Each structure stands twice: as structure tokens, then as C-alpha cells.
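The structure under discussion appears below in the form of C-alpha cells.
Predicted model, so just to flag it, every value in this text is computed and none were measured. Each chain gets a letter, A, B and so on, in the order its sequence line appears, and its residues count up from 1. The analysis underlying the following values was restricted to heavy atoms, covering all of them including side chains, and did not include hydrogens, waters or symmetry mates.
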Number of protein chains: 2
Amino acid sequence: MENVAHILLQKKIRPSVQRVKVLSYLLEKRNHPTVDMIYTELHPQMPTLSRTTVYNTLELFRENQLVNTLDFGEGSLRYDAFCSPHCHFECEECGQVFDIETPPPAIDGLVPSGFSLSRTSLYLYGKCRGCRRESTL
Amino acid sequence: MENVAHILLQKKIRPSVQRVKVLSYLLEKRNHPTVDMIYTELHPQMPTLSRTTVYNTLELFRENQLVNTLDFGEGSLRYDAFCSPHCHFECEECGQVFDIETPPPAIDGLVPSGFSLSRTSLYLYGKCRGCRRESTL
DNA sequence: TGACAAATTTGTAATTATTACAAATATATA
DNA sequence: TATATATTTGTAATAATTACAAATTTGTCA
């Protein structure tokens with residue numbers, strides 16, 4: 001919506017149709033999608049959309065701190081439009097990613113002296129509620 | 001050495017030349033290498049070594065809990081032959097990976113009820129001592 | 001020891017995610 | 001409206017990894 005366009009304008013990013021759609025997708029779905037998930041979902045509505053545009057757009061968003069990348073070690077990156085400090089849980093069964101609304105644990109004092117820390121990522125792996133339920137039915 | 005062959009035999013893995021060399025490399029260097037680093041270093045001594053063998057060998061080691069994979073989001077996996085619970089720090093300047101000999105922080109209670117946790121990975125990013133020193137010279 | 005079976009290694013080809021890049025299109029400005 | 005600038009697109013390149021079948025090595029047993 002207009003809402004999303006404003007977010008882009010605040011970052012001095014021109015709100016093209018493609019950019020607004022990609023950011024809207026991220027904000028509405030909150031599903032930490034891969035490039036392929038975004039492309040596959042938006043392509044039917046925008047037949048001219050290019051995969052490259054999705055890559056370019058996400059990279060632009062990342063440079064402007066509108067998204068963070070997540071790497072669960074599956075071979076492709078995921079994107080998160082919620083940049084508050086929080087952790088992520090990936091279900092090893094269904095692949096869904098869940099937000100854990102707790103900031104990553106303090107690790108002050110962990111790094112050797114003389115080192116400087118710029119950021120940390122904590123990834124949690126396991127089974128989500130739905131998948132656990134299924135396996136006990 | 002023979003030492004390394006014994007480790008493999010304990011896991012009922014036949015200690016072929018290639019397997020012993022790859023595991024020795026990991027244990028001696030402790031440098032969390034990528035497949036390419038291993039291949040590049042071992043190839044001169046073993047001209048017939050194949051990259052595929054390195055991949056196969058590491059996968060076999062992983063299945064037998066002899067190594068863990070690390071994914072710092074650089075596009076290629078790294079391998080760690082020390083499986084005690086500890087964290088990793090990657091220098092954003094020189095790319096070196098350092099062990100942080102502290103177990104990943106307890107995150108009990110972080111996961112939503114009904115979820116089960118199987119493992120966690122904590123990645124730290126920043127500048128190592130050497131690179132900080134260089135930048136202030 | 002020699003022959004055969006099983007395990008391992010090798011090299012090439014396929015696959016997948018991502019990036020490079022130039023042409024085409026759309027947008028903004030004068 | 002003309003022109004410069006920004007954006008998008010599509011194709012081709014790159015890089016990591018996997019698939020797979022042929023070649024080699026190793027182990028077993030007569």
C-alpha cells in the first residue's frame with residue numbers, strides 16, 4: 001500500500017511497483033522467504049517480474065537496513081523485514097522459520113581480548129509444535 | 001598418522017589414504033577449512049585426489065559425528081573437527097575463523113511451548129586482534 | 001596366490017543459487 | 001516534448017555442490 005511506499009521514501013528509495021510488492025510481501029507474510037519463494041508468489045501477478053529484480057531489490061533493502069539475511073545452511077538465503085534484535089527457529093521437519101522474540105543472548109566477555117564484535121547470529125533448530133503433534137498421531 | 005586411523009576405525013570407517021589425510025588436515029590445522037581449502041592443500045601431495053572425494057569424505061565424517069559444518073553465510077560451508085559445544089568467530093577482514101571455547105549460551109525457555117530444540121548455532125562476526133592492529137598502524 | 005565381490009575413488013556432467021552485464025523500459029527533469 | 005537518469009529485464013557467467021557411472025583399490029576366500 002501507500003504505507004509501504006512511505007517506508008521506502010523515508011530511506012530515499014524510489015517506490016517502484018516491484019519494490020513495493022517485494023517489501024509488502026515481506027511485511028505481510030512474515031515468513032522469512034527465500035528469493036525463490038518471493039519470485040514464485042509474485043510472478044503470477046507481475047508476469048514481467050525478473051528473478052534478478054528480486055535479488056537486486058533485496059540487496060538494496062539490505063544496504064538500507066530494511067531487511068536482514070538469514071542463513072540456516074540450506075543453500076539459499078532467507079530474508080527478514082523485521083530488524084529488531086531477535087532469534088530464529090527453523091523446523092527441521094517442515095522448514096518453516098519462526099521468530100523468537102528474545103534478543104540474542106549477551107555474549108560480552110566471550111570474545112578474546114583485542115577482538116571487536118560487530119554482530120552475532122543465533123540459529124535454533126528443532127521441531128515446531130505442528131510437526132511434533134503430527135509425529136505422535 | 002596411525003593415531004588418526006584409529007579414530008576412523010573406532011567409527012568403523014575404513015582408513016583409506018584419502019580419509020586419513022583429510023581428517024589429519026582438520027585435526028592439525030584447526031582452521032575450519034572449506035572444501036576448496038582442503039582440496040587445494042592436499043592436491044599437490046596426492047595428484048589423483050578428486051574434489052568429489054573431499055565432499056564424500058566430509059559427508060561421511062559428518063554422518064559419524066567426526067565433524068560439524070559451519071555456515072557463516074559466505075556461500076561455502078566450513079568444517080570443524082572439534083565437536084565439543086563451542087562458538088565461532090569469523091573475522092570480517094581476513095576471513096579467519098576462531099574457536100570461542102564457551103558453550104553456546106543457554107536458551108532454555110526461549111522456544112515457544114510445544115517446540116523441541118535439537119541444536120543451536122551461534123555465530124560471532126567482527127575483527128580479530130591482528131586485523132584491528134593493522135587498521136590502526 | 002589368484003579370482004571375485006565389495007568398497008572407494010575419480011572425473012565428468014547436472015543442478016542450484018547467485019552475480020555480471022548489457023539492452024530495454026520507465027521515470028524525472030528541463 | 002526531449003533528454004538524462006534510474007530501474008528492470010533476460011541471458012550468460014560463476015561457484016558450490018550433487019549425481020552418477022567408470023575405474024581403481026581392497027578384502028575375502030578357495
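- Evaluation of the salt bridge (charged side-chain N to carboxylate O under 4.0 Å, His left out) test over residues 50-68 of chain A, restricted to residues two or more places apart or in two chains, returns A:Asp36-A:Arg51, A:Glu59-A:Arg62.
- Following rounding to the nearest Å, B:Glu63 (CD) and C:dT8 (P) show an atom-to-atom distance of 12 Å.
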Nucleotides 9-11 of chain C: which of its N/O atoms have a protein N/O under 3.5 Å away?
| residue | atom | partner | partner atom | Å |
| --- | --- | --- | --- | --- |
| C:dT9 | OP1 | B:Ser16 | OG | 2.3 |
| C:dT9 | OP1 | B:Gln18 | OE1 | 3.1 |
| C:dT9 | O3' | B:Gln18 | NE2 | 2.9 |
| C:dT10 | OP1 | B:Gln18 | NE2 | 3.4 |
| C:dT10 | OP1 | B:Thr48 | O | 2.9 |
| C:dT10 | OP1 | B:Thr48 | OG1 | 2.6 |
| C:dT10 | OP2 | B:Ser50 | N | 3.3 |
| C:dT10 | OP2 | B:Thr53 | OG1 | 2.7 |
| C:dT10 | O5' | B:Thr48 | O | 3.0 |
| C:dG11 | N7 | B:Ser50 | OG | 3.4 |
| C:dG11 | O6 | B:Thr52 | OG1 | 3.3 |

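- As rounded to whole Å, 13 Å separates atom C1' of D:dT24 from atom CZ of B:Arg14.
- Across the protein-nucleic acid pair, A:Leu77 atom CG and C:dT16 atom C1' stand 13 Å apart, rounded to whole Å.
- Atom CD1 of A:Ile38 is separated from atom C1' of C:dA17 by 14 Å (rounded to the nearest Å).
- Under the 4.0 Å criterion applied to side-chain N and carboxylate O atoms, B:Lys29 and B:Glu41 are assigned as salt-bridge partners.
- Partners of A:Ser135 by side-chain contact (heavy atoms from CB on, under 4.5 Å), not counting sequence neighbours, listed by chain and number: A:Lys127.
- Between A:Asp36 atom CG and C:dT18 atom C1' there is a gap of 12 Å when expressed in whole angstrom units.
- Per the geometry, OH belonging to A:Tyr55 stands 16 Å off P belonging to D:dT11, to the nearest Å.
- Each of A:Ile13 and B:Val35 was matched to the nucleotide of DNA chain D holding its nearest heavy atom; the match closer to the 5' end belongs to A:Ile13.
- Rounded to a whole Å, the CD atom of A:Glu59 is 16 Å from the C1' atom of D:dT8.
- The distance between atom NZ of A:Lys12 and atom P of D:dA6, rounded to the nearest whole Å, is 15 Å.
- Each ring-ring contact (aromatic ring centres under 6.0 Å, His included) pair with one or both residues in residues 15-37 of chain B, not counting sequence neighbours, appears once here: B:His32-B:His88.
- A:Gln45 pairs by the side-chain contact (heavy atoms from CB on, under 4.5 Å) definition with A:Lys21, A:Leu42, not counting sequence neighbours.
- The side-chain contact (heavy atoms from CB on, under 4.5 Å) test applied to B:Ile7 returns B:Leu23, B:Leu27, B:Leu66, not counting sequence neighbours.
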